[in-house]
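Positions are given from 1 along the sequence. Hydrogens, waters and symmetry mates are skipped; everything else that's a heavy atom, side chains included, is used.
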Amino acid sequence: VVIYAVCYLIAGSHFGKAFLAIREDEIAASSLGINVGLYKVLAFILSAIPAGIAGNYYAYYMSYIGPTSFTSDTSILILEMVILGGRASLFGPILGSGILVIVLEGLRSIAEFRQAFIGATIIAILIFRPQGLLGGYSTQRKKKRDHKPLPYKNYKKSGGTVDYPQKGEVILRGKGITKEFGGVKA
């Protein structure tokens, strides 16, 4: 619960917006001044922390940990949990893992078809719902606007006037304006 709360706070912060921008389009994020390399390293560090905590608890609980503890089947199972729930939402992988554990426990009697079921589920999800079960729903906080823009017709009724520029009149002039970010100069 604590890790989920921290992830929720990060997702709504400046760092979360940068991670989202990098996930959607690295080049566009870089052109907006986001240091993609730095944020990738931060993502690796931030994901290693809960993984390390979970590994510590697992080793304590099992009293043993070795190379045979985690096989490729386990990695595929974890990947399917994320795909099933939706990688773009915080609650999606939790939901995907809950559903998959319940279904796989139900299929324990036919263990020889378990891997085939996992493969068929991955293919079906990627074809019919590639964003996952909760991929279309956001758990990020939405900021409320303090004000709404005044519609044009109400502006006219309130006695306001609109001054349009005259033909050939300079509206805005800029000289020597530059913007530098991430080694790119505009």
Side-chain angles (χ1 to χ4, degrees), residues 1-30 32-108 114-115 117-146 182:
V1 174
V2 173
I3 291 174
Y4 181 83
V6 169
C7 289
Y8 181 80
L9 292 174
I10 289 173
S13 71
H14 173 72
F15 292 114
K17 304 291 186 216
F19 289 138
L20 178 66
I22 292 169
R23 184 190 73 200
E24 296 300 325
D25 190 349
E26 282 186 35
I27 296 171
S30 178
L32 291 173
I34 298 171
N35 187 344
V36 175
L38 173 69
Y39 278 94
K40 284 185 174 184
V41 170
L42 280 174
F44 181 77
I45 291 169
L46 289 174
S47 63
I49 292 170
I53 292 170
N56 186 19
Y57 282 129
Y58 180 80
Y60 178 76
Y61 178 74
M62 298 301 286
S63 302
Y64 169 78
I65 193 164
T68 58
S69 297
F70 297 100
T71 61
S72 61
D73 293 342
T74 308
S75 298
I76 291 171
L77 184 64
I78 292 170
L79 181 63
E80 185 178 5
M81 291 174 181
V82 173
I83 291 171
L84 179 64
R87 69 181 180 95
S89 75
L90 291 175
F91 191 68
I94 296 170
L95 177 70
S97 63
I99 291 171
L100 204 56
V101 166
I102 291 169
V103 169
L104 290 179
E105 285 301 316
L107 295 175
R108 188 175 285 275
R114 201 169 157 172
Q115 293 301 322
F117 175 78
I118 290 173
T121 305
I122 289 176
I123 292 171
I125 289 290
L126 290 176
I127 290 173
F128 297 112
R129 183 106 172 132
Q131 69 272 26
L133 295 177
L134 293 181
Y137 304 103
S138 177
T139 56
Q140 292 183 358
R141 295 171 278 160
K142 303 242 187 286
K143 293 185 179 178
K144 294 183 179 180
R145 290 183 159 221
D146 293 338

Considering non-hydrogen atoms only, spot the tightest contact between [X] and [Y] and give its length.
| X | Y | answer |
| --- | --- | --- |
| I99 | L84 | CG2-CD2, 4.0 Å |
| S97 | M81 | CB-SD, 3.4 Å |
| G86 | P93 | O-CD, 3.4 Å |
| I34 | I22 | CG2-CD1, 3.8 Å |
| L90 | A11 | CD1-CB, 4.2 Å |

What is the distance from atom [atom1] of [X] to atom [atom2] of [Y], rounded to the nearest 0.5 Å?
| X | Y | atom1 | atom2 | answer |
| --- | --- | --- | --- | --- |
| L79 | T74 | CG | OG1 | 12.5 Å |
| S89 | I94 | OG | CD1 | 8.5 Å |
| L32 | K17 | CG | NZ | 14.0 Å |
| S63 | Y58 | OG | OH | 10.5 Å |
| L126 | E80 | CG | CD | 9.5 Å |
| N35 | K40 | CG | NZ | 11.0 Å |

Next item on the list: With sequence neighbours excluded, tell me which residues meet side-chain hydrogen bond (donor to acceptor under 3.5 Å, both in side chains) with E24.
Entry: none
Check: Aromatic rings F91 and Y4: how do their planes relate, parallel, tilted or perpendicular, breaks at 30° and 60°?
Finding: perpendicular
Note to self: Any non-hydrogen side-chain atom of V103 less than 4.5 Å from a side-chain atom of T121?
What the structure shows: no
Next item on the list: Find out whether L46 and F15 are in side-chain contact, i.e. whether some heavy atom of one side chain is under 4.5 Å from a heavy atom of the other.
Entry: no
Margin query: Under a 3.5 Å distance rule, please check whether S30 uses its side chain to pair with a backbone N or O of I27 as donor and acceptor.
Written below: no
